[in-house]
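Only this structure's heavy atoms are used, side chains among them; waters, hydrogens and symmetry mates stay out.
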Amino acid sequence: MGKTLYLECESGISGDMTVAALLDLGADQQVLKKALASLPVQGFDIRISRVKKSGLDACDFDVVLDKEHENHDHDTEHMHGHDLHNHDAEYIHEHRSFVDILQIIESSSLTERAKKTAMDIFSVLADAEAKAHGVPRNQVYFHEVGAVDSIVDILSVAVCLDNLDIDQVIVTELCEGRGTVRCQHGIL
């Protein structure tokens with residue numbers, strides 16, 4: 001019988017913070033590293049360390065991208081006065097479809113339960129993207145969450161949940177926040 005994870009997300013939640021918290025709960029770092037090494041995705045490494053946050057000792061999880069896979073703002077020319085979206089630049093934009101993401105998950109050595117969790121997470125994201133863009137789910141292309149670091153964050157959460165035998169997650173309330181964010185679609 002699995003365990004229940006209770007999250008209070010009054011200030012939101014992020015993938016790297018979730019992975020760090022799950023590692024602090026006892027998820028096995030070696031299991032995580034082995035699972036991530038099996039991904040057919042390149043250009044990343046992970047860094048797990050200890051940090052002090054507000055005087056408290058905490059795990060820190062970071063996905064470190066190589067220069068080619070670093071995330072780049074598609075609207076950067078508006079902030080810096082030059083066009084970094086030039087495709088002759090040294091980096092590439094990887095926009096993956098929902099099907100691409102499912103293939104990455106399927107071809108990994110994650111456990112079946114971790115694969116299902118990861119697929120469920122991306123299914124929710126695909127449904128939201130499909131609704132936002134008014135397209136069928138199979139025509140969704142992920143921008144930010146299709147990036148290497150986002151894929152690694154989400155799959156890491158799935159691996160850690162499985163490793164901790166968590167089969168139910170309760171979130172009291174997820175606050176949306178206020179303000180703007182710069183993303184693939186401009187300022188939202």
Side-chain angles (χ1 to χ4, degrees), residues 9 12-19 32 35-46 61-80 82-162 169 171 174-188:
C9 300
I13 191 167
S14 69
D16 58 340
M17 290 170 52
T18 304
V19 176
L32 177 59
L36 294 178
S38 78
L39 297 180
V41 175
Q42 298 177 357
F44 77 94
D45 196 6
I46 61 167
F61 176 82
D62 191 25
V63 178
V64 181
L65 300 174
D66 66 18
K67 186 173 174 88
E68 184 178 332
H69 291 86
E70 285 178 350
N71 289 333
H72 296 274
D73 192 326
H74 286 69
D75 245 1
T76 309
E77 66 267 19
H78 298 292
M79 295 187 316
H80 301 289
H82 56 281
D83 182 7
L84 291 180
H85 196 63
N86 177 348
H87 289 281
D88 293 331
E90 293 181 22
Y91 61 87
I92 55 174
H93 299 293
E94 293 184 89
H95 300 170
R96 292 181 173 89
S97 71
F98 180 53
V99 173
D100 294 337
I101 300 289
L102 295 180
Q103 288 173 344
I104 289 169
I105 295 168
E106 266 308 315
S107 62
S108 72
S109 70
L110 275 65
T111 65
E112 289 307 311
R113 186 163 112 172
K115 285 181 182 182
K116 181 182 181 328
T117 299
M119 288 179 185
D120 288 349
I121 291 168
F122 276 105
S123 291
V124 169
L125 293 170
D127 289 342
E129 286 279 340
K131 184 175 181 181
H133 294 288
V135 299
R137 182 189 206 180
N138 64 348
Q139 291 180 13
V140 166
Y141 273 85
F142 294 113
H143 303 292
E144 285 77 15
V145 297
V148 173
D149 56 335
S150 296
I151 292 169
V152 173
D153 279 345
I154 292 169
L155 296 184
S156 294
V157 168
V159 168
C160 289
L161 289 172
D162 178 50
V169 178
V171 179
L174 187 58
C175 297
E176 291 181 24
R178 295 195 175 128
T180 61
V181 64
R182 190 176 296 275
C183 67
Q184 163 67 25
H185 302 290
I187 298 173
L188 298 177

- Item | Heavy-atom closest pair, residues K115 and E106 | NZ-O, 3.0 Å
- Please step through side chain to side chain contact (heavy atoms under 4.5 Å, CB included) for the pair F61 and I46, ending with a clear verdict. CA-CA 7 Å; F61 176 82; I46 61 167; 3.8 Å; yes
- Message: Are the side chains of D162 and L110 in contact, using a 4.5 Å heavy-atom criterion?
- Response: no
- Message: Nearest 0.5 Å, please: how far is OG in S123 from CG in L102?
- Response: 6.5 Å
- Note on the structure: Value for CD1 (I121) from CD1 (I105), rounded to nearest 0.5 Å, stands at 8.5 Å
- Message: Does D127 form a side chain to side chain contact (heavy atoms under 4.5 Å, CB included) with K131? I'd like the steps, not just the answer.
- Response: CA-CA 6 Å; D127 289 342; K131 184 175 181 181; over 6 Å; no
- Query: Would you say the side chain of L39 lies within less than 4.5 Å of the side chain of F44, judging by non-hydrogen atoms?
  - Reply: yes
- List the atom of P136, the atom of A130, and the distance in Å for their closest heavy-atom pair. C-CB, 4.1 Å
- Please report the shortest heavy-atom distance between V140 and A126, naming the atom on each side. CG2-O, 3.6 Å
- Note on the structure: Taken to the nearest 0.5 Å, the spacing of E129 CD from S97 OG works out to 12.0 Å
- Grab the two heavy atoms, one from A118 and one from A158, that are nearest each other, plus how far apart they are. N-CB, 3.8 Å
- Item | Separation between CG of L32 and CG of L155, rounded to the nearest 0.5 Å | 10.0 Å
- Task: Search all heavy atoms of A35 against all heavy atoms of S109 and return the closest pair with its distance.
- Result: CA-OG, 4.4 Å
- Message: Using 0.5 Å steps for rounding, measure from the CG atom of D153 to the CG atom of D62.
- Response: 9.0 Å
- Query: Passes salt bridge (charged side-chain N to carboxylate O under 4.0 Å, His left out), D120 versus K116? Steps please.
  - Reply: CA-CA 6 Å; D120 288 349; K116 181 182 181 328; 2.7 Å; yes
- Task: Could you tell me whether M119 atom CE has more than 12 heavy atoms of other residues or ligands within 6.0 Å of it?
- Result: yes
- Determine the minimum heavy-atom distance between F122 and F142, stating which atoms define it. O-CZ, 3.9 Å
- Item | Atom pair CZ (R137) and CG (L125), whose distance is rounded to the nearest 0.5 Å | 10.5 Å
